[in-house]
Q: 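Structure incoming, see below.
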There are 2 protein chains.
Amino acid sequence: MLQQFEILKKAGLSVTESRKTILDLFFAAQGALAHADIEKHSSINIDRVTVYRTLQTFVESGIIHQIPTTDNTILYALCKDSCEAGHHHDEHVHFICTTCNKTNCLDDVMVPTVKLPNGFLPIQTAMIVKGTCIDCKSPHPQPFPQR
Amino acid sequence: MLQQFEILKKAGLSVTESRKTILDLFFAAQGALAHADIEKHSSINIDRVTVYRTLQTFVESGIIHQIPTTDNTILYALCKDSCEAGHHHDEHVHFICTTCNKTNCLDDVMVPTVKLPNGFLPIQTAMIVKGTCIDCKSPHPQPFPQR
DNA sequence: AAATGATTTGCAATATTGTTGCAATATTTT
DNA sequence: AAAATATTGCAACAATATTGCAAATCATTT
Ligand SMILES: [Mn+2]
Ligand SMILES: [Mn+2]
Ligand SMILES: [Zn+2]
Ligand SMILES: [Zn+2]
């Protein structure tokens with residue numbers, strides 16, 4: 001896996017402290033992060049506005065991808081090395097555990113294609129499964145993020 | 001299809017002006033509505049708070065269902081008559097048109113089941129397809145909601 | 001390594017969105 | 001129609017998001 005430095009370089013971004021720190025959080029995190037997780041993380045001291053701008057930049061650069069939710073938040077998770085600006089490769093299923101509230105990328109579960117009515121032209125498909133995750137069926141203590 | 005009055009009755013809800021008006025909006029709408037669509041609709045004069053509470057009540061009563069997005073909004077669409085409180089039957093695909101920004105329930109396209117890794121217990125699955133809708137391939141004028 | 005130019009950051013101000021308690025009003029039940 | 005129950009609107013507040021701009025940081029050139 002690439003180092004933060006390389007990831008930023010490869011994306012053509014300046015290598016700044018904020019960006020490295022936020023990338024570190026994603027590497028350390030179990031599962032996806034919301035803006036609030038980052039902003040409120042104990043060891044972090046980055047302005048809200050910078051967090052907003054960093055997340056946006058990372059999405060546009062193919063470093064992280066977004067996961068849609070029904071609670072007025074957006075979740076973000078690291079992309080595979082193969083993602084590029086404007087051209088993501090993240091058509092895997094996302095799993096939201098309703099017990100521990102963690103969201104996992106199921107990298108090995110591809111989103112199936114589905115036949116649409118005539119005239120609908122698909123470009124990108126997201127699939128979000130809610131349920132109980134493997135950790136919550138046979139539980140053990142959980143690290144960051146705590147929600 | 002049921003009348004507003006019957007829908008509210010069947011759900012065990014009081015039949016109020018606000019609720020009938022908001023239900024009317026959903027019937028008139030092409031596609032899903034966000035809170036903001038309702039609040040800002042020209043002919044409507046219902047307090048923000050009432051709109052929030054009405055949407056929440058409708059979801060809990062199985063009158064509307066939520067559609068996840070990646071833009072800090074939640075979309076809502078009418079459920080089928082067969083939905084009940086706490087037990088929705090809306091496992092159809094949702095289509096978000098990136099041209100006209102309308103979101104449609106593809107009622108006839110069921111969400112496929114997908115094999116998850118061992119230990120993950122699915123309860124509910126959402127599938128959101130982004131692309132170009134049929135109206136935008138062979139366009140004609142569009143009514144509410146305008147976004 | 002210092003100077004230069006370009007980019008990013010933090011702050012302040014503002015805007016938008018969401019929540020809560022409570023009195024007034026509307027609806028349902030008796 | 002009166003009583004009981006539920007809903008609504010207002011006000012106050014809280015949380016989240018956006019913008020402009022000056023200061024700080026980073027990349028590039030010398
Ligand atoms: Mn993912
Ligand atoms: Mn739907
Ligand atoms: Zn879990
Ligand atoms: Zn369209």
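Lettering follows sequence order; numbering is per chain, from 1.
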Q: Is any NZ, NE, NH1 or NH2 atom of the basic residue among A:K9 and A:E6 found under 4.0 Å from an Asp or Glu carboxylate oxygen of the other?
A: no
Q: Can you check whether any acceptor in the base of C:dG18 is under 3.5 Å from a donor in the side chain of B:R48, or vice versa?
A: yes
Q: What's the closest nucleotide to the B:T54 side chain, out of D:dC10, D:dT18, D:dT8?
A: D:dT8
Q: With respect to the phosphate group of C:dT17, does any side-chain polar atom (N or O) of B:N72 fall under 4.0 Å of OP1 or OP2?
A: no
Q: Among residues at least two apart in sequence or on other chains, which ones pass side-chain hydrogen bond (donor to acceptor under 3.5 Å, both in side chains) with A:T54?
A: none
Q: For B:T113, enumerate each residue passing the side-chain contact (heavy atoms from CB on, under 4.5 Å) test, keeping only those at least two apart in sequence or located in another chain.
A: none
Q: Indicate, with yes or no, if A:M127 and A:L106 share a hydrophobic cluster defined by side-chain heavy-atom contacts under 4.5 Å among Ile, Leu, Val, Met, Phe, Trp and Tyr.
A: yes
Q: Counting heavy atoms from C-beta on, name the nucleotide in C:dT9, D:dT8, C:dG10 closest to the side chain of B:T50.
A: D:dT8
Q: Expressed in angstrom and rounded to an integer, what is the separation of B:I38 atom CD1 from C:dG18 atom P?
A: 12 Å
Q: From CG of A:D71 over to C1' of C:dT17, roughly how many Å is that when rounded to an integer?
A: 14 Å
Q: Just the rounded figure in Å: distance from C1' of C:dT8 to CG of A:L55.
A: 15 Å
Q: From CG of B:D47 over to P of C:dG18, roughly how many Å is that when rounded to an integer?
A: 14 Å
Q: Could you tell me which residues satisfy side-chain hydrogen bond (donor to acceptor under 3.5 Å, both in side chains) with B:E39, sequence neighbours excluded, listed by chain and number?
A: B:H35, B:R48
Q: Quick one: salt bridge (Lys or Arg N to Asp or Glu O under 4.0 Å) pairs with a partner in residues 110-120 of chain B, sequence neighbours left out?
A: none
Q: Grab the CD1-P distance between B:I46 and D:dG9 for me, whole Å please.
A: 7 Å
Q: Go through the structure and list residues passing side-chain contact (heavy atoms from CB on, under 4.5 Å) with A:I67, not counting sequence neighbours.
A: A:A32, A:H65, A:L75, A:A77, A:H94, A:T103, A:I128
Q: Given that B:E39 and A:T57 both sit by DNA chain C, which one's nearest nucleotide is further toward the 5' end?
A: A:T57
Q: Base contacts versus sugar-phosphate-only contacts with protein, heavy atoms under 4.0 Å: please encode nucleotides 22-30 of chain C as B, S and - from 5' to 3'.
A: -----SS--
Q: Using whole Å, what does the distance between atom P of nucleotide C:dT9 and atom CZ of A:F58 come to?
A: 9 Å
Q: Once side-chain contact (heavy atoms from CB on, under 4.5 Å) is applied, do any residues pair with B:A11, and if so which ones, sequence neighbours excluded?
A: B:L13, B:S61, B:I63
Q: Atom NE2 of A:H35 to atom C1' of C:dT17: distance rounded to whole Å?
A: 14 Å
Q: Listed by chain and number, what are the side-chain contact (heavy atoms from CB on, under 4.5 Å) partners of A:D24, not counting sequence neighbours?
A: A:Q4
Q: Could you tell me the separation between the NZ atom of A:K20 and the P atom of C:dT8, rounded to a whole number of Å?
A: 15 Å
Q: If an axis is fit to five pairs at each end of the helix from C:dA1-D:dT30 to C:dT30-D:dA1, what is the angle between the two, to the nearest 10°?
A: 40°
